[in-house]
Student: 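Before I ask anything, let me first share the structure, which is written out below as structure tokens.
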Amino acid sequence: MDGEDQAHEPPRLGSHSVPVLPMDSNLPVERVLQARSHGRRHRRYNARSPGNVVREASWPSTNLRSIFIVCADFVYAVFGSSRQLAIGPVALVSLLVSNALGDIADSSEELHIELAILLALLVGILECIMGLLRLGWLIRFISHSVISGFTSASAIVIGLSQVKYFLGYSIARSSKIVPLVESIIAGADKFQWPPFLMGSLILVILQVMKHVGKAKKELQFLRAAAPLTGIVLGTTIAKVFHPPSISLVGEIPQGLPTFSFPRCFDHAKTLLPTSALITGVAILESVGIAKALAAKNRYELDSNSELFGLGVANILGSLFSAYPATGSFSRSAVNNESEAKTGLSGLITGIIIGCSLLFLTPVFKYIPQCALAAIVISAVSGLVDYDEAIFLWRVDKRDFTLWAITSTTTLFFGIEIGVLVGVGFSLAFVIHESANPHIAVLGRLPGTTVYRNVKQYPEAYTYNGIVIVRIDSPIYFANISYIKDRLREYEVAVDKYTTRGPEVERNSFVILEMSPVTHIDSSAVEALKELYQEYKARDIQLAISNPNKDVHMTIARSGMVELVGKEWYFVRVHDAVQVCLTYVQSSNSEEQKEPSFLRRFGNNGSSNNSSYSDIQPGNTLLKEALLSGEK
């Protein structure tokens, strides 16, 4: 497709190349479908490149119409939760639509357009369903590091894609940095000074106004006024001097498309997989952009509102002949740079665009494309978050790795692959953390009854013959093997810490501190039973301290309470330690008449059996009613 795109010369209007509105997409802007109400002549014109519904804009107004009609400004402002996100046509979705419909109908056929409109309806319905079912929690797996890396790389790609308007010649349309750089270098002999000088001048003015407005509170209005200043300046120069080598926006048809309901439902079943794919990609991009802007502006984002807002926008957009839309990176960046603080900015934008389409399109014909490109480059330059990369490197190498992987794959393999790889690595890290939880050996802080991690508190001491282990996560099938392996290691390695109490040859007690354990499943309970039997065969007694109510119930229903013995369940670690110490001391002082003292102090009901309630009365044992299943 890249070769075909490079070979394709966009049609011309008069003496000017047909414009691409650089603020319309996060890649070189692809063309939206022409509204059915515009007539067959426009449809045939828009479909002139075989195999592609979406091309670089041959009618610039179609993008503006799409922004206005796809409810990016009105409906989303009501249902969405992002204050800066601007939605509309983006290149990635355009590419997916083109590839999906190319196998069903020729791009010159009216069916092609009807199916694209139907896709918008299906995508909208799927997004609404996900929002109503509150499936926005799935987005939580997109970490801040992934979003920052994706944002930074996308900003670089967008900036490079706009350089062609400064250089005065076409470059490859790609979401990857290598083809962009190669085409920029290859076309260097076509370089033209006038667009470069005008674009650079406007870019410098934008940057100066932005920084002055940021530095001086009384001049904050300069930041919001900067884009308009650049447009007015560029339009004035183009109108007065008519520089021949600077491409202009050109003629834009006036008016708004009319209401019409999608008519072709025969291929709805065939389009469902594509709709699901577009929905997933659209959500990843939109919510990723929205989360980045929300973090930058310090407010919370409701993922379910985002999904529902996108869905309603696409459904309503399909009623006005629009194809699937999602969050636009570059338009959102411009919105953010203009200091939009609420959804009201979307309503105002919609009203202005609607009025512009009705009354002001003759004025737009003189806007230089390099001026629009300067606005986009100025906006995305602030989204290259190198400060975040430095911070992550200093604070958390794992998060920096996520940032680097996401940004690198986005730069070299495209935005969609970058996001998917970043999310994939995020999930891999989450799974790794869950399957390899933190486990600590506990020791007693001097002069207290508090037990803490001996690695964190070197002054904490342990007792000879007793190992105290805290499990800092839920216990389930994926991590129980790791936990069992660590328990076996700690049983041996605990001797290296400072110890007190009677000298013994080996460890005879393992105490599990389970207060951090929020859940335990059946696989983990069975594994703990096996571990208990293994300990019993080696004359080691297992004790459990402070499991929460849900864990109590699971253990009680499994029969593990009766297996281990109710007297070996404790409210506090200190209670368990005192009981174990009593056994250790008694076994050390008495003459060994049997192979194991545990057989004398076990659960066989002998007269020598001693429970903690005999040693220290009070509410130190877990209540029998709770362990027997009372809720």
Side-chain angles (χ1 to χ4, degrees), residues 19-26 29 63-64 67 73 82-86 88 151-152 154-156 158-166 194-240 246 248-249 289 292-293 296-297 328-353 355-356 360 363-364 366-385 387:
V20 177
L21 299 181
M23 63 182 69
D24 239 1
S25 170
N26 57 340
V29 182
N63 281 328
L64 291 172
I67 300 170
D73 307 304
S82 176
R83 302 170 189 173
Q84 290 83 26
L85 184 68
T151 302
S152 300
S154 298
I156 294 173
I158 292 168
L160 286 175
S161 70
Q162 302 304 311
V163 168
K164 61 183 178 182
Y165 300 110
F166 279 48
F196 178 79
L197 293 176
M198 177 183 286
S200 300
L201 173 64
I202 294 175
L203 180 59
V204 169
I205 292 173
L206 292 174
Q207 292 294 93
V208 169
M209 293 180 70
K210 182 170 70 172
H211 287 290
V212 171
K214 186 177 181 180
K216 296 186 178 181
K217 192 173 183 179
E218 63 275 12
L219 297 177
Q220 283 185 347
F221 69 92
L222 289 177
R223 296 185 67 184
L228 182 60
T229 302
I231 291 294
V232 171
L233 177 61
T235 303
T236 302
I237 294 175
K239 179 70 173 175
V240 174
I246 294 179
L248 306 179
V249 169
I289 296 166
L293 294 174
K296 195 177 185 68
N297 292 276
S328 168
F329 194 101
S330 52
R331 282 197 307 277
S332 300
V334 172
N335 210 22
N336 182 62
E337 282 299 313
S338 300
E339 295 196 319
K341 299 298 182 184
T342 69
L344 183 62
S345 62
L347 296 175
I348 295 174
T349 302
I351 293 172
I352 293 175
I353 291 177
C355 294
S356 300
L360 300 179
V363 179
F364 295 155
Y366 296 105
I367 297 177
Q369 293 187 20
C370 59
L372 297 177
I375 293 173
V376 174
I377 293 173
S378 175
V380 300
S381 62
L383 297 176
V384 181
D385 204 355
D387 288 334

Student: Can you name the closest pair of heavy atoms from Met198 and Ile246 and give their distance?
Tutor: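 Between these two residues, the closest heavy atoms are CE-CD1, 3.5 Å.
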Student: Do the side chains of Pro195 and Tyr165 get nearer than 4.5 Å, heavy atoms only?
Tutor: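 Contact flag for Tyr165/Pro195 side chains = no.
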Student: Nearest heavy-atom pair of Pro227 and Ile375: which atoms, and what distance?
Tutor: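 That would be O-CD1, 3.6 Å.
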Student: Return the set of residues passing ring pair (Phe, Tyr, Trp, His ring centres under 6.0 Å) with Tyr366 (not counting sequence neighbours), or none when no residue passes.
Tutor: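 Not a single residue meets the ring pair (Phe, Tyr, Trp, His ring centres under 6.0 Å) criterion with Tyr366.
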Student: Determine, stepwise, if the pair Ile231 / Leu372 fulfils side chain to side chain contact (heavy atoms under 4.5 Å, CB included).
Tutor: CA-CA 7 Å; Ile231 291 294; Leu372 297 177; 3.3 Å; yes
Student: Nearest 0.5 Å, what's the CD1-CG distance between Ile205 and Leu233?
Tutor: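 Reported value, rounded in 0.5 Å steps: 5.0 Å.
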Student: Quick one: closest heavy-atom pair of Ala371 and Gly230, and the distance?
Tutor: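 Shortest heavy-atom separation between Ala371 and Gly230 comes out as CB-O, 4.1 Å.
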Student: Evaluate the criterion side chain to side chain contact (heavy atoms under 4.5 Å, CB included) for residue pair Asn297 and Arg83; output intermediate values, then yes/no.
Tutor: CA-CA 9 Å; Asn297 292 276; Arg83 302 170 189 173; over 6 Å; no
Student: Can you give me the closest heavy-atom contact between Gly234 and Ile202, atom names plus distance?
Tutor: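 Nearest pair, atom of Gly234 first, then Ile202: CA-CD1, 3.9 Å.
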Student: Rounded to the nearest 0.5 Å, how far apart are CG of Leu201 and CZ of Phe196?
Tutor: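 Rounded to the nearest 0.5 Å, the CG-CZ separation comes to 11.5 Å.
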Student: How would you list all residue pairs meeting salt bridge (charged side-chain N to carboxylate O under 4.0 Å, His left out) that involve residues 199-210, not counting sequence neighbours?
Tutor: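 Checked against salt bridge (charged side-chain N to carboxylate O under 4.0 Å, His left out) - neighbours excluded - the pairs reaching residues 199-210 are Lys210-Glu337.
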Student: Show the nearest heavy-atom pair for residues Val232 and Thr236, with the distance to one decimal.
Tutor: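 Looking at all heavy atoms of both residues, the closest pair is O-OG1, 2.7 Å.
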Student: Pairs in or reaching into residues 372-383: which pass side chain to side chain donor-acceptor pair (under 3.5 Å), with residues at least two apart or in two chains?
Tutor: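 Every side chain to side chain donor-acceptor pair (under 3.5 Å) pair that includes a residue of residues 372-383, provided the two are not neighbours, is Gln207-Ser378.
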Student: Hey, could you give me the CG/OG1 distance between Leu222 and Thr229, rounded to the nearest 0.5 Å?
Tutor: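 Rounded to the nearest 0.5 Å, the CG-OG1 separation comes out at 8.0 Å.
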Student: Please report the shortest heavy-atom distance between Gln84 and Leu293, naming the atom on each side.
Tutor: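 Nearest pair, atom of Gln84 first, then Leu293: CB-CD1, 3.7 Å.
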Student: What's the spacing between Asp385 CG and Lys296 NZ if we round to 0.5 Å?
Tutor: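 Going from CG on Asp385 over to NZ on Lys296, the span is 6.5 Å.
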Student: Using 0.5 Å steps for rounding, measure from the NZ atom of Lys216 to the CZ atom of Phe221.
Tutor: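 Nearest 0.5 Å value for the NZ-CZ distance: 11.0 Å.
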Student: What is the distance from atom CD1 of Ile156 to atom OG of Ser161, rounded to the nearest 0.5 Å?
Tutor: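 Result: 12.0 Å between the selected atoms.
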